[in-house]
2 protein chains.
Amino acid sequence: MSETKANLDTRERILDVAERLFMAHGYEGTSMRMITGAAEVNLAAVNYHFGSKEALLRDVFRRRLAWLNGERLRALDALEKQADGAPLKPSQVLEAFFGTLLRMGEDESLGGMTFLRLLGRTLTEPAEFIRTFFAGEYAEVIERYKRALFRALPDVPRAEIVWRLHFMLGAMSYAIAGTDVLQVVTGCELNELKELNEPDESAGAGVAGNRDEAVRLAERLMPFLLGGLRAPLPHFIQENLQ
Amino acid sequence: MSETKANLDTRERILDVAERLFMAHGYEGTSMRMITGAAEVNLAAVNYHFGSKEALLRDVFRRRLAWLNGERLRALDALEKQADGAPLKPSQVLEAFFGTLLRMGEDESLGGMTFLRLLGRTLTEPAEFIRTFFAGEYAEVIERYKRALFRALPDVPRAEIVWRLHFMLGAMSYAIAGTDVLQVVTGCELNELKELNEPDESAGAGVAGNRDEAVRLAERLMPFLLGGLRAPLPHFIQENLQ
DNA sequence: CTACTATTAAAACGAACGTTTGATTTAACA
DNA sequence: TGTTAAATCAAACGTTCGTTTTAATAGTAG
């Protein structure tokens, strides 16, 4: 009995279920009883293992962000070592930052698209403890990448770079998190997106589809982001398209 | 007595307060008691005037979106009439769509930046009734603008156009909604953003600052969005920057 | 076996939630 | 001025929330 339960210990199973439910219903919209019910553990298990609901959310993210931002730092280290003191190319910096994220979406053992969408959604959650938590978790990575971009674009005003990085983070976040929302809004012509749109399905059946989707998303998003970085300065909206 | 109360009737005052609080704390994070308390009305007033909390949120958005999307349709009508059957330029379409939105952010009587940020945040809320509501409210506008973009870019695959529109909506949404979040994440170098960062202040003192900020945001965001539309197709990430 | 620690279980806690009720006040019109 | 409908009010409704408590159950070293 309890074959599926014995595979993972309680702690890990709670983290997996919470990740999925927070993504599907948001932080406030997910109750402890929903989590412990879906994870088939006792109601008190969350408070026993994590202390509180807030701490659970933090641990859900810590588990993934530790890997993600570590990988990002390692990628930047490798690039800078290879460049040997010379400034990096802007696309290298962006590829290291966003490429690492998108590759994470392809790996189901790292949370896959479920976590990426949760991340994108949670970045806009207004709760104070969430914001301060993210600020702390991201501080080092953002600082390093900002410096790399400043060196890569010495002639662009630094405020402009930060603005554009801001927009790129937004486009990326939203493109991932809002997929199902805007699929409806934009009119369902992209039925290949449909596979992503089953937030409550945890079966392994959709894994392959999600991986393909992540690859496709990465390919389409990267040039868009570079386009954002390469765009002309304000007041110069010329008409050289098509 | 009740000088500030007598100016607006109960209904309108509830809408204003709810708009502000939903923005600051999210839908689930805002209680009826917070709303009625801040609006200085009885707890039962919301259910009396609107029926339920969900209906209140819908009315908060209806009040603004009716104006916004109506204006968007009128702007597109004007452009198409002026073009006299010829395809529009892509930048004209984007300017009509996003420019209308950003100009709304400059007008405090239309909700200003408070509503824009609420809109951006709520678009990623997972609650089902919110999603279906937005899909209905946006359907006509998106359909019209999609058609205009298809005509404006006959050589670009339609799926590609929808993708890029998707990303642009995301970048715009997030740039507005996530201002205070990413200000922290990206390191506070843009201290001119600080003025926006007082979600609980309703006094008129910050109005001028917010309007300036909206104009600045518009100027910076538009070329970024055009850059997104103008970006090369996948697999062609060349290095012509800086 | 005993003693001890870690984990799970059932039950209940007080607080806060959205909503409803029924009485009371306000405003408009005959 | 008396009548009626709209609006406001205090109070309570039943439910659900996150958390805590207390007891029972492994699992392990001495």
Side-chain angles (χ1 to χ4, degrees), chain A residues 1-61 122 125-130 132-133, chain B residues 1-61 122 125-130 133 200:
Chain A
M1 291 308 107
S2 71
E3 191 175 2
T4 58
K5 268 183 76 170
N7 297 346
L8 302 159
D9 67 321
T10 301
R11 242 189 89 95
E12 207 83 16
R13 199 164 61 254
I14 290 175
L15 286 175
D16 288 339
V17 167
E19 186 171 87
R20 183 165 51 85
L21 291 182
F22 283 148
M23 194 272 288
H25 308 107
Y27 174 73
E28 312 255 19
T30 304
S31 71
M32 303 285 263
R33 285 164 180 83
M34 290 166 65
I35 297 171
T36 55
E40 299 179 71
V41 300
N42 190 268
L43 172 60
V46 169
N47 287 284
Y48 175 78
H49 284 283
F50 301 93
S52 70
K53 190 186 175 186
E54 291 194 4
L56 170 62
L57 182 74
R58 274 192 291 263
D59 277 14
V60 165
F61 278 101
T122 312
E125 286 255 3
E128 192 56 37
F129 84 96
I130 295 180
T132 60
F133 169 71
Chain B
M1 287 307 108
S2 69
E3 191 176 3
T4 59
K5 265 183 78 169
N7 298 346
L8 302 160
D9 68 321
T10 301
R11 245 189 87 95
E12 207 85 14
R13 200 163 62 253
I14 290 176
L15 286 175
D16 288 340
V17 168
E19 184 172 87
R20 184 164 52 84
L21 292 182
F22 283 147
M23 195 272 288
H25 307 107
Y27 174 73
E28 311 255 21
T30 304
S31 71
M32 302 284 262
R33 285 164 179 83
M34 289 166 66
I35 296 172
T36 54
E40 299 180 70
V41 300
N42 188 268
L43 172 59
V46 169
N47 287 284
Y48 175 78
H49 284 283
F50 301 93
S52 69
K53 190 186 175 187
E54 290 194 4
L56 170 61
L57 183 73
R58 276 192 290 263
D59 278 14
V60 165
F61 279 100
T122 312
E125 286 256 2
E128 193 56 37
F129 83 95
I130 296 179
F133 169 72
D200 268 315

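So you know, we letter chains A, B, ... as the sequences are listed, proteins then strands, and number each from 1.
Residue contacts shown for Thr30(A) are limited to sugar-phosphate atoms, with no base heavy atom under 4.0 Å away.
Taking atom CG on Asp9(B) and atom P on dA6(D), their separation rounds to 16 Å, with Å as the unit. When rounded to the nearest whole Å, the span between CD1 of Ile35(B) and C1' of dC17(C) equals 12 Å. Note: CZ (Phe50(B)) to C1' (dA7(D)) measures 14 Å, nearest angstrom. dG18(D) atom C1' lies 14 Å from atom CE of Met34(A), rounded to whole Å. Atom CD of Glu28(B) is separated from atom P of dA16(C) by 18 Å (rounded to the nearest Å). Protein atom CD of Glu40(A) is 11 Å distant from nucleotide atom P of dA9(C), rounded to whole Å.
Across the interface with DNA chain C, nearest-nucleotide mapping of Arg33(A) and Tyr48(A) shows Tyr48(A) to be the residue nearer the 5′ end. Each of Ala45(B) and Leu43(A) has a nearest nucleotide on DNA chain D; the 5'-most of these lies closest to Ala45(B).
The side chain of Met32(A) approaches dG18(D) more closely than any other nucleotide in the set dC17(C), dG18(D), dA12(C). Checked against dA9(C), dC9(D), dG18(D), the side chain of Ala44(A) finds its nearest nucleotide in dA9(C). Listed candidates were dT20(D), dT7(C), dA10(D). Nearest to the side chain of Asn47(A) is dT20(D). Between dA11(D), dC17(C), dT8(C), one nucleotide has an atom nearer to the side chain of Asn42(A) than all others, and that is dT8(C).
Of the possible donor and acceptor atoms, one in the side chain of Lys53(B) sits under 3.5 Å from a partner among the backbone N and O of Tyr27(B).
Scanning both residues, Arg13(A) and Ala39(A), for their nearest heavy atoms gives NE-O, 2.9 Å. Met34(B) approaches Gly29(B) most closely through the heavy-atom pair SD-O, 3.7 Å. The shortest heavy-atom contact between Leu56(B) and Ile35(B) is CD2-CD1, 3.8 Å.
Put simply, Thr10(A) has a side-chain N or O that comes within less than 4.0 Å of OP1 or OP2 on dT8(C). A sub-4.0 Å separation between OP1 or OP2 of dT16(D) and a side-chain N or O of Ser31(A) is absent. A close approach under 4.0 Å does occur between a side-chain nitrogen or oxygen of His49(A) and OP1 or OP2 of dT8(C). Remark: Ser52(B) is not in phosphate contact with dG18(C), judged by side-chain N or O atoms under 4.0 Å from OP1 or OP2.
The distance from atom CG of Leu43(B) to atom OH of Tyr48(B), rounded to the nearest 0.5 Å, is 15.5 Å.
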